[in-house]
Novice: 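Dumping the structure here so I can ask a few things about it.
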Amino acid sequence: MRWLLIAAIALTAAGAGRAAEVDLHAYWDGRCASCHGHAAAFARRFLTVKDGKLQGRHHVDDLETFLANHHLSRDLIAPVTAMLAA
């Protein structure tokens, strides 16, 4: 059990480093644009920021959980959310 915990911590730390190195626009273009179009146009059309929190039309309360279940790795949720909010 201890080894599983150590492995999980190590993988989480490695993922956090990887997220800082990702070109988010290139990531969006390669993984999301074929369905959702350009990130800025998508954000302007379908997303809002309310009280500093990014919200979707149908995912008002927990957009981050939706993103995690929609082909976005957990280490990229915060950076992509910030990009879309900008």
Novice: Could you give the distance from SG (Cys35) to NE2 (His70), rounded to the nearest 0.5 Å?
Specialist: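 Answer rounded to 0.5 Å: 7.0 Å.
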Novice: Would you be so kind as to tabulate the donor-acceptor pairs closer than 3.5 Å made by side chains of residues 39-51, with sequence neighbours excluded?
Specialist:
none

Novice: Could you tell me if the side chain of Thr65 sits less than 4.5 Å from the side chain of Ile77, heavy atoms only?
Specialist: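 Not in contact.
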Novice: Could you tell me the separation between the NE2 atom of His71 and the CG atom of Leu76, rounded to the nearest 0.5 Å?
Specialist: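 Reported value, rounded in 0.5 Å steps: 14.5 Å.
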Novice: With rounding to the nearest 0.5 Å, note down the distance linking NE2 in His25 to NE2 in His38.
Specialist: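 Answer rounded to 0.5 Å: 6.0 Å.
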Novice: Hey, is NE2 on His36 packed in by over 12 heavy atoms from elsewhere, all under 6.0 Å?
Specialist: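 Yes, enclosed.
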Novice: Give a yes or no on whether the backbone of Asp23 and the side-chain of Trp28 come within a donor-acceptor separation of less than 3.5 Å.
Specialist: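 No.
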Novice: Of the options Val80, Leu67, Leu84, which is the one that meets Leu54 in a side chain to side chain contact (heavy atoms under 4.5 Å, CB included)?
Specialist: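 Exactly one option meets the side chain to side chain contact (heavy atoms under 4.5 Å, CB included) with Leu54, and it is Leu84.
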